[in-house]
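In what follows, every heavy atom counts, from backbone to side chain, and hydrogens, waters and symmetry copies are set aside. Every chain is numbered from 1 and lettered A, B, ... according to where its sequence line falls, protein lines coming before strand lines.
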2 protein chains.
Amino acid sequence: MLEGLTGLGVDLAKTASSSDIIYDALRDGIISGQIKAGESLRQEHVAKLFNVSRIPVREALNRLEAQGLVQSLRYKGYVVSLLSPADVEEIYEVRATLEPMVIEKSVAMMTPETLEEARRYCELFSSETDSSKWGEWNRLFHGALYKDAKRPFHLKLIGEAIDRVDSYIRAQLVLTNGMEKARKEHLEILAACVEGDGELAGKRTRKHILGSYKVLRKYLDNQ
Amino acid sequence: MLEGLTGLGVDLAKTASSSDIIYDALRDGIISGQIKAGESLRQEHVAKLFNVSRIPVREALNRLEAQGLVQSLRYKGYVVSLLSPADVEEIYEVRATLEPMVIEKSVAMMTPETLEEARRYCELFSSETDSSKWGEWNRLFHGALYKDAKRPFHLKLIGEAIDRVDSYIRAQLVLTNGMEKARKEHLEILAACVEGDGELAGKRTRKHILGSYKVLRKYLDNQ
DNA sequence: ATAACGTAGATTGTATACAATATTCAATAT
DNA sequence: ATATTGAATATTGTATACAATCTACGTTAT
């Protein structure tokens, strides 16, 4: 009986379609900042890039639009969303609200395995010399600390929020020397989780998010 | 110079495509409860219903999937998302967090026109005898009270949250005699806004949401 | 009778093709 | 010179067509 495997989290029923692959690639490009805000994405161009027709490209762009990462103007193409300063502030506001809630719930149910995983990502983040990978480790660290909350909807919204400002997060780490501060704050958040103090972990997470926003804001203002 | 009109909120650059129309129709059907959770949506079937090919249908379904209203299993079709009791609770949690924040910010900037608009929807909700329209007025009332916050991202997330549980909200109003309570609470929320007391409006909104969840929960448990 | 296998039918995912609409730029008028 | 018009080009949105994959059901073997 192989059906028993279905419950193990292995998604047997779904393999990646072209449209899935293109979606992932474009999303990666946008959130990493390789594809810059304001850049326009022509269906034909993307299609040739991946050696496919425009159909799966359109489907990928549609999904990106539903998530807000690109905007479509009929007969004018898709454009990578450009955030106003107010947009950025608002998204950080949402993060500073939801993420502390989730980590607090998560700490209450946190397993030793999760703590170990978080510690590993924290260490990888701290010791990483390739700055292009900081954003990734940072996200995996926080994600690990949120998962035991078993709040898929919160995580979906947080994920959407982070996607939108991820390129800013990376820029903030790289361009403003945010690493040292982030390293220290990660250790403090992790410590609160080890202690089992969810409320403290939440408070520190909120401070971490708002603090990094302030640094980012100052940097953007001086541009 | 016609370009000046662009800023008036008239979306000159975009008219509705087939895929837009189908998206709206399916979304309406799902959030109103006419298309029930668990029901499967076959591309061919929907296409015939709207006299179009499967292409625009697929694009509409893709967008609904990105929003979480349907789920796709490759080669197995699209299914209207089914919420577990935990999912419903979680979504109400998010609403109870974000909506008070937004109304509080909104009250601080609220115009007399907005108050008038909200009063009108409040009245329409209270006096409506056709129960199938309660959900619509309810949503318009709350939406009016949120709009002056100028928080598009918050509103997007709140909209997604409400979309997912909208059929439950309607059921709660119709099946549990929630109308009387809702009518009273709407007046109280509106009164706080008229007074300019954002914090109070927020507290009442939170209580309104959590209270309606409790009623819904009790109803669902007795099924 | 039960289980494994294989074929027919159904459904999806994508390529190609075409029609509708928008954009561009040269030609004309003011 | 500037503004306006119109045809050529480009781009999008959708229909049709086909290949890949899955499902259902009957056949065969045990």
Ring-face cation contact, B/Tyr213 with B/Arg217, 6.0 Å cut, 45° max
no
What does the list of N/O pairs under 3.5 Å between the protein and nucleotides 15-19 of chain D look like, with a distance for each?
from	atom 1	to	atom 2	distance (Å)
D/dA15	OP2	B/Ser53	N	2.6
D/dA15	OP2	B/Ser53	OG	2.6

Side-chain N or O of B/Arg58 less than 4.0 angstrom from OP1 or OP2 on C/dG13?
yes
Does any non-hydrogen side-chain atom of A/Tyr92 lie less than 4.5 Å from one of A/Leu216?
yes
Distance in angstrom units between A/Leu61 CG and D/dG13 C1', rounded:
14 Å
How many Å lie between CD on A/Glu59 and P on D/dT12, as a whole number?
16 Å
So which atom in B/Leu157 and which in A/Glu160 form the shortest heavy-atom distance, rounded to 0.1 Å?
CD2-OE1, 4.1 Å
A/His186 side chain reached by A/Leu145 side chain, heavy atoms, under 4.5 Å
no
Tell me, do B/Ile158 and B/Arg95 make a side-chain contact under 4.5 Å, heavy atoms counted?
no
With heavy-atom distances below 4.5 Å as the criterion, would you say the side chains of B/Leu98 and B/Met101 are in contact?
yes
Side-chain donor or acceptor of B/Thr205 paired with backbone N/O of B/Pro100 under 3.5 Å:
no
Only counting residues at least two apart or in another chain, list the ones meeting salt bridge (Lys or Arg N to Asp or Glu O under 4.0 Å) with A/Arg27.
A/Asp163
In numerical order, the residues of residues 38-50 of chain B whose heavy atoms come under 4.0 Å of DNA chain D are none
